[in-house]
Amino acid sequence: TKNYLAPEHPISQLLRETIAELCQTEITAESTDGCGTPVYPISLKALARGYSKLQQSAPGSAEAQVAQAMSA
């Protein structure tokens, strides 16, 4: 977990790749929020695609678990 917020850390890279895949968009920039968490500027349309994929995912999948956690 050391330096996990650094853009080159494998966890940060996986997060970026996962968001790009779910939202079907290319991530070309990165910033951080006030706590140092990575944030990615993506279009509203891409964000909607990502949320839609989470909501419509197969029961029991990792995506469904994320959607359930967000809803809770």
Side-chain angles (χ1 to χ4, degrees):
T1 58
K2 185 176 180 180
N3 298 322
Y4 73 97
L5 294 176
E8 63 277 357
H9 192 280
I11 291 174
S12 290
Q13 291 175 0
L14 180 59
L15 177 62
R16 190 171 38 256
E17 292 166 6
T18 301
I19 291 172
E21 180 182 335
L22 277 173
C23 296
Q24 298 173 342
T25 193
E26 182 179 354
I27 295 179
T28 59
E30 182 175 330
S31 187
T32 56
D33 70 1
C35 298
T37 301
V39 294
Y40 311 100
I42 60 174
S43 71
L44 184 57
K45 187 175 182 178
L47 184 61
R49 275 193 304 264
Y51 281 124
S52 176
K53 278 184 129 179
L54 289 175
Q55 189 59 38
Q56 296 176 18
S57 58
S61 67
E63 292 86 352
Q65 291 176 12
V66 170
Q68 290 171 343
M70 291 171 65
S71 295

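Along the sequence shown, residues carry numbers from 1.
Note: R49 CZ to L44 CG = 10.5 Å, rounded to the nearest 0.5 Å. Separating the NZ atom in K53 from the SG atom in C23 is a distance of 8.5 Å, to the nearest 0.5 Å. Annotation: the span from N3 atom CG to E8 atom CD amounts to 7.5 Å, rounded to 0.5 Å. Residue K45 holds its NZ atom at 13.5 Å from CG of L47, rounded to the nearest 0.5 Å. The distance from atom OG1 of T18 to atom CD1 of I11, rounded to the nearest 0.5 Å, is 11.5 Å.
By the neighbour-count criterion of 12 heavy atoms within 6.0 Å, atom CD of Q24 is densely surrounded, having more than that number from other residues, nucleotides or ligands. With a 6.0 Å radius and a threshold of 12 heavy atoms from other residues, nucleotides or ligands, E30 has its CD atom above the threshold.
Between A46 and S43, the shortest heavy-atom distance links the atoms N-OG, 3.0 Å. Shortest non-hydrogen contact noted between T37 and L5 is CA-CD2, 4.2 Å. A29 approaches P41 most closely through the heavy-atom pair O-CD, 3.5 Å. Annotation for L54 and S57: closest pair O-OG, 2.7 Å, computed over non-hydrogen atoms.
With hydrophobic clusters built from ILVMFWY side chains whose heavy atoms lie under 4.5 angstrom apart, V66 shares a cluster with Y51. Clustering ILVMFWY residues whenever any of their side-chain heavy atoms sit less than 4.5 angstrom apart, transitively, puts M70 in the very cluster that holds L15.
Proximity of a side-chain donor or acceptor of R16 to a complementary backbone N or O of P7 within less than 3.5 Å is detected. The backbone N or O of A6 lies less than 3.5 Å from a partner atom in the side chain of S12, making a donor-acceptor pair.
A 4.5 Å side-chain heavy-atom check between E63 and L22 finds at least one atom pair inside the cut-off. Counting only heavy atoms from C-beta outward, the side chains of I27 and I19 approach each other to under 4.5 Å.
Apart from L14 itself, the hydrophobic cluster it occupies contains nothing, where clustering links Ile, Leu, Val, Met, Phe, Trp and Tyr at side-chain heavy-atom distances under 4.5 Å.
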